[in-house]
*Asks:* 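Before we start, here is the structure in question, set down as C-alpha cells.
Each chain gets a letter, A, B and so on, in the order the sequences are listed, and its residues count up from 1.
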There are 2 protein chains.
Amino acid sequence: MKPDQTAALQPTREVRRASAQPPSTLRDVAEAAGVHAATASRALNPKTRRLVSAETARRVMKAAETLGYQPNPIARSLKTSRSRTVGLVLPDLTNPLFPPIVRGIEEVLEASGYSAWIVNTDNDPKREQAQIDSLRSRQVEGLIIATARLDHPLLRKLHEQGVMMVFVNRRVENLDVPTVTADDATGISLAVKHLADLGHTRIAHLAGPQSTSTGVARSRAFRHAIRDHALEDDPSLVVECARWNEEDGAGAMRELLGRGSDFTAVVAGNDLIALGCYDVFAERGISCPADVSVVGFNDMPFLDKLSPPLTTVGVPHHDVGAEAARMLLDCVEEPERHPRSVLLAVSLVVRGSTAPRRP
Amino acid sequence: MKPDQTAALQPTREVRRASAQPPSTLRDVAEAAGVHAATASRALNPKTRRLVSAETARRVMKAAETLGYQPNPIARSLKTSRSRTVGLVLPDLTNPLFPPIVRGIEEVLEASGYSAWIVNTDNDPKREQAQIDSLRSRQVEGLIIATARLDHPLLRKLHEQGVMMVFVNRRVENLDVPTVTADDATGISLAVKHLADLGHTRIAHLAGPQSTSTGVARSRAFRHAIRDHALEDDPSLVVECARWNEEDGAGAMRELLGRGSDFTAVVAGNDLIALGCYDVFAERGISCPADVSVVGFNDMPFLDKLSPPLTTVGVPHHDVGAEAARMLLDCVEEPERHPRSVLLAVSLVVRGSTAPRRP
DNA sequence: TTGTAGGCGTTATCAT
DNA sequence: ATGATAACGCCTACAA
C-alpha cells in the first residue's frame, strides 16, 4: 500500500513542545506529607491503612491528592507480580460476534479496577502461543479464551500450570475450566422446531468445525432435533465447514448443492456460515426464503438489515462477556473455589429468511 | 443478568494443579553461562552485543535459549520507561469500521515487536481521560487516536506535553499532529457525481457531527459538489446528525421527511447513518432505491448483503490502520521529524441502493 | 571485555 | 505507629 498523497496539513508548527512534568511518585507524596515512603504506601492502600494513624493517613492522602499522585502500575506489578489486568484471546476481532462480548467483559472488569488486553490469534496456533506468552510476560492475572478447540494442548498445559482461565463459547475436552457458553442445544432445537412448524421436512445442516465443542454440540443437537420431529434423517444433508466464516459456509453450500440431495431449509452453524449461503444463492439464482429457508446462530449485529433479514438464534453477547469476566475475577480472588460453568439462555429471532415450505 | 443455569460440567477434577516453574531471569542465564548478569544483558541486547566477546555472547545466548529465557517486559519498562506498546483509543469497538483498522495497526506493530493496547471511550470525555491516563501510566510509547473532535482540549494538552500521537479518520483543529484519513472530499464528490449522473437533482445530505473534522469535510465537499454539478442548493436538504450512528441517522431522516422538502437521493455522512435511513424507510413504506437513492461512506463490512446492498465510498480500512501505525512508529523512533499527514484514496462502490431518478 | 553498583517505584519485612 | 531496608528484574554509568 502506498499513501495516495502526503501533505503537511498545518502551515505553522509550534516551536518546541512543552515537556510534561514527570509524574509524582510515592516518595514525593511522602515528602510532602513529612513522612516516610513506606508509611505513605500504607496510608494510600485501603488494606493497610489501618496500620497508620488516622491523622497521618489524612495528611498523606491530601498530599497525594494535591500532587495528583497516580501509583505506577509497572512498579507495582514488578513488586507484587500482579497487574489488575486480564488477557482476552480472540480468534478474530473482525468477526462482529466479538465486539459486544468484549464490551460486556470490559464493563465488568472496569468496575473492579481491572482492564483487558485484547489479542487476535487469526486461528493460528503459532500466533496464539506467541500472544499468550506475551500476555503472561505482562503478568496478566488470568485469561479469557475464545479460541478453544476440543483438542488443545496449549490450553491444557496452561491449565496444568495453574494459569487462571475462563473459556467463552467453546471448551476444551475434559478440561475442568470454567466456561460461559450459549445454550447451543436449545438454540438448535428451537431452530429445527421453527422450520418443522413451517412444514419443512428435508432440513440440511451446515455444521461448524467439529474440532470445536460448539460445532459438535450444535451438530449433535441438530441430529437429535431431527429425530425428535421425525424429519428426514439423511446424512447427505449435513456438511461440515472447516472454519466459522462466510467463505467456508459458501463452500459447504456449494458442496450440498453439488450432492443433489433435496432440501428446503438449512440450519447454519452460525450467522457467518449462513451469510455464505446467501452468497451462493446469489450466484445460482436461488431465492431465500422462497426456495430455501435459512436459520443462523448468534444474532450478530446488522442481521436485521440483510436481504432477507436472517432468522437466527439470539445469544446474549454482552452477558456472555460479562459473565466470563465475573467468573475470571472470582477465580483470581478465590483460586481454590470449584470451577463453575454457565450456560446462557438463547431465543429464536424470527426474521425474513424462513418461510413455509412451498407446496 | 442471571445465568440461566449453573453446572459443574466435568465429573472429575484433577486433585491439585502442577504449579508453573517460575520463569527464568537474567541472573539465571548469567549464572548458567558463568558470567555476570550485566554481561548477560549486554550479550542479549543486539545493540550492546558488540561490547562483549563473541565467545561470551554465544555462551550467553545458548544459555538463554536452553533456559527459555524471556525478558520481563515489566522490569524492563520500569528501568527504561519504554514498553514496546502503543495505545489505541477508539470511540466504540462495536462499530464494524474499526476492527479492520485495528488489524492493519496490529500487523504493522507486530512486525516491529510492538503491540497495541485497545481502549473504548464510548464517546465519553470522562472515560477518554481515564482510559488515556491508564494507558500513559502503563508507559505506552504513543497513542493512535480515533476519537478526535475539532475542539479537543485533552488531545491538545497531550500534544503540548509531547505525547506521541497519530490521529486516524479525524483531526483536531489547528493541531500539528500526524493524521491518516480517507480522502473525504473526493469520496463525497464521487458520490454526488454518481447521483447526478443518475438524474437526481434534489439530493439531501445527512451530515455527520460538525464537531468532527470528518463531518465538516464531508459537508463542505457536499456543498461544493452540489454547486459543481449545478444541482439544487437548498439548505433544507441538509440535516446534521449529532453522532455517527444508526439512531441519529434515523432521526435525521425523520427530520428531513418532516420538513417536506422534496428529494430523490441522500448522501449519508457514513454507512451507519445510511442504515438509519433504511430503518425509517421500512417504517414509512418508502422504497430504496425506487423512491430514494442512498449513498453511504466507508464501505464497512457486510454492506453488500443488506437490502438493498448499500452504494458507498470505499475506504482502505486496513491501510488506514497500517499507515497510522507506521507513522506512529516513525514518530517514536525519530521524534524530531516533521509530522506528515496522509490522505488515502477512496473509490465509489456502486451497489443496489442507487438507481436512476424516476421520471 | 567484564564486573560493580545503583536505581526505576513500589511493597513487604524487619526493627524501632 | 512509623522508619529503615531490601527486593521485584532489568539496565547502564562507571570502574576495573
*Asks:* Check the surroundings of atom CD in B/Glu65: do more than 12 heavy atoms from other residues, nucleotides or ligands lie under 6.0 Å from it?
*Replies:*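 Not more than 12 within 6.0 Å, no.
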*Asks:* Could you state the atom-to-atom distance from CD of B/Glu31 to C1' of D/dG9 in whole Å?
*Replies:*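 After rounding, the gap between these two atoms is 15 Å.
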*Asks:* Check each residue of residues 51-63 of chain B for a non-hydrogen atom within less than 4.0 Å of any atom in DNA chain C, then write out the ones that pass by number, or none.
*Replies:*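 Going residue by residue through residues 51-63 of chain B, the ones with a heavy atom under 4.0 Å of DNA chain C turn out to be B/Leu51, B/Val52, B/Ser53, B/Thr56.
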*Asks:* Judged by modelled atom types alone, do A/Arg136 and A/Gln131 share a side-chain donor-acceptor pair under 3.5 Å?
*Replies:*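 No donor-acceptor contact under 3.5 Å links the two side chains.
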*Asks:* How close do B/Tyr114 and B/Glu141 get, counting heavy atoms only, and between which atoms?
*Replies:*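 Smallest interatomic distance, heavy atoms only, reads OH-OE1, 2.8 Å.
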*Asks:* CZ of A/Arg27 versus P of D/dA6: gap in Å, rounded?
*Replies:*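 Between P of D/dA6 and CZ of A/Arg27: 13 Å.
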*Asks:* Can you tell me the distance, in whole Å, between the CG atom of A/Leu44 and the P atom of C/dT10?
*Replies:*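 From A/Leu44 CG to C/dT10 P: 9 Å.
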*Asks:* Run the side chain to side chain donor-acceptor pair (under 3.5 Å) test on A/Glu107 and A/His318 for me, step by step, so that the C-alpha distance in whole Å, both residues' side-chain angles and the decisive distance to 0.1 Å come before the verdict.
*Replies:* CA-CA 9 Å; A/Glu107 211 167 288; A/His318 186 275; 3.0 Å; yes
*Asks:* What integer distance in Å separates B/Arg82:CZ from D/dT12:P?
*Replies:*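 For the pair B/Arg82 CZ and D/dT12 P, the rounded distance is 10 Å.
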*Asks:* Would B/Arg156 and B/His159 count as a side chain to side chain donor-acceptor pair (under 3.5 Å) here? Give the steps.
*Replies:* CA-CA 5 Å; B/Arg156 193 172 289 280; B/His159 178 249; over 6 Å; no
*Asks:* Between the side chains of A/Ser137 and A/Ser134, is a donor N or O closer than 3.5 angstrom to an acceptor N or O?
*Replies:*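 No pair is found: no donor N or O on one side chain lies under 3.5 Å from an acceptor on the other.
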*Asks:* Just by protein heavy atoms under 4.0 Å, how would nucleotides 11-16 of chain C read 5' to 3' in B, S and -?
*Replies:* BBB---
*Asks:* Could you tell me the separation between the CZ atom of A/Arg50 and the C1' atom of D/dT2, rounded to a whole number of Å?
*Replies:*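 Nearest whole value for this atom pair: 15 Å.
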*Asks:* Distance check needed: D/dC10 C1' versus A/Gln139 CD, whole Å only.
*Replies:*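 So the CD-C1' distance, A/Gln139 to D/dC10, works out to 13 Å.
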*Asks:* May I have the distance from B/Asn72 (atom CG) to C/dC8 (atom C1'), rounded to whole angstrom?
*Replies:*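 Distance check: B/Asn72 CG to C/dC8 C1' gives 13 Å.
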*Asks:* Please tell me whether B/Glu128 and B/Thr147 have a donor and an acceptor in their side chains that are separated by less than 3.5 angstrom.
*Replies:*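 Per modelled atom types, B/Glu128 and B/Thr147 side chains form a pair under 3.5 Å.
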*Asks:* For A/Leu155 and A/Leu175, work out which heavy atoms get closest and say how close.
*Replies:*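 Closest approach of A/Leu155 to A/Leu175: O-CD2, 4.0 Å.
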*Asks:* Quick one about A/Asp133 and B/Gln70 (side-chain donor to acceptor, distance below 3.5 Å, no hydrogens or angles considered), yes or no?
*Replies:*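 Side-chain D/A pair, B/Gln70 to A/Asp133: absent.
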*Asks:* Taking atom P of D/dA7 as reference, at what distance in whole Å does atom CG of A/Leu78 sit?
*Replies:*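 So the CG-P distance, A/Leu78 to D/dA7, works out to 14 Å.
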